[in-house]
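To start, the structure under review is shown below, and the notes come after it.
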Amino acid sequence: NYQGGGIIYETQQVICDASGGSFGLIFAGHIAKIDHDANEVAVQSALESMPNVDSVSVTFNGGTTTACVPHNGSSAGDFLITFNSVVDMTGDLPTMTVETNNLEGGRRVDIHTIVDGDAPIAGSFRLSFRGSVSEPIDASLSGPDMAKE
């Protein structure tokens with residue numbers, strides 16, 4: 001439910017415990033293959049190569065410089081992905097899933113939503129009744145303005 005605070009971009013955290021290989025981040029049915037030693041730019045490029053992702057920001061946490069780091073007892077590879085523009089979606093996005101078959105070492109990747117996205121309703125819709133279909137109606141109209149349509 002939209003909270004009325006303008007657009008808030010979804011941010012998800014990826015924690016990767018691995019010493020080699022590659023993994024896949026899956027978002028809305030598409031997969032980005034990422035090498036365990038990928039830097040921020042490589043992770044961003046892999047995600048933006050998916051047809052449903054236009055723009056993301058990637059930030060590594062805790063001084064890490066690669067996507068995956070073997071767990072040292074207190075930490076592993078840790079980075080944030082902020083979804084700035086996704087095709088046909090805004091607001092609260094589905095949490096990514098992961099494919100770890102090609103990782104070596106710990107082979108563990110956890111994904112958590114850190115900031116739930118939020119956005120007003122956008123686009124248009126049509127009404128149909130007994131075979132008649134309306135012209136497109138702007139979803140951002142207020143109730144009284146929509147009634148005029």
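Bear in mind that the values here come from a model prediction, so they are computed numbers and not experimental data.
- The closest side-chain donor-acceptor pair between Ser57 and Asn84 falls under 3.5 angstrom.
- Taking OG1 of Thr100 as the start and CG of Asp17 as the end, the distance is 11.0 Å to the nearest 0.5 Å.
- Taking CD of Glu104 as the start and SG of Cys68 as the end, the distance is 11.0 Å to the nearest 0.5 Å.
- Rounding to the nearest 0.5 Å places NE2 of His71 at 8.5 Å from CZ of Arg108.
- In this structure, the side chain of Gln13 does not engage the main chain of Ile111 through any donor-acceptor pair within 3.5 Å.
- Hydrophobic clustering (ILVMFWY, side-chain heavy atoms < 4.5 Å, transitive): Leu47 and Tyr9 are in distinct clusters.
- Minimum interatomic distance between Asp35 and Phe23 (heavy atoms only, all atoms of both residues): O-CE2, 4.3 Å.
- Asp37 and Thr66 are not linked by any side-chain donor-acceptor pair at a separation below 3.5 angstrom, with hydrogens and angles left out of the test.
- At a threshold of 4.5 Å between non-hydrogen side-chain atoms, the residues Val98 and Ile26 do not count as touching.
- Formation of a donor-acceptor pair under 3.5 Å by the Asn39 side chain with backbone atoms of Ala42 is found in this model.
- Here Leu25 contributes atom CG and His30 contributes atom NE2; the two are 14.5 Å apart, rounded to the nearest 0.5 Å.
- The two residues Ala119 and Ile7 come nearest to each other via the heavy atoms CB-CG1, 4.2 Å.
- For the residue pair Gly105 and Ser19, the shortest heavy atom distance occurs at CA-OG, 3.5 Å.
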Review point. Can Leu103 and Val109 be said to form a side chain to side chain contact (heavy atoms under 4.5 Å, CB included), step by step?
Key: CA-CA 10 Å; Leu103 279 177; Val109 178; 3.7 Å; yes
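- Of the possible donor and acceptor atoms, one in the side chain of Arg126 sits under 3.5 Å from a partner among the backbone N and O of Ser134.
- For Ser45 (side chain) and Val41 (main-chain N/O), a donor-acceptor pair under 3.5 Å exists by modelled atom type.
- One finds the CG atom of Asn61 at 10.5 Å from the OG atom of Ser75 (value rounded to the nearest 0.5 Å).
- If you check the side chains of Gln44 and Glu48, you find a donor sitting under 3.5 Å from an acceptor.
- Distance CD1/Ile31 to CE/Met96: 11.5 Å, rounded to 0.5 Å.
- When the side chain to side chain contact (heavy atoms under 4.5 Å, CB included) test is applied to Thr113, the partners found at least two apart in sequence or on another chain are Glu10, Gln12, Thr95, Asp116.
- When every heavy atom of Thr64 is checked against every heavy atom of Ala76, the shortest pair comes out as CG2-O, 3.9 Å.
- Pro136 approaches Ser124 most closely through the heavy-atom pair CB-OG, 4.0 Å.
- Sorted by first and then second residue, the ring pair (Phe, Tyr, Trp, His ring centres under 6.0 Å) pairs with a member in residues 82-123 read Phe27-Phe83; sequence neighbours excluded.
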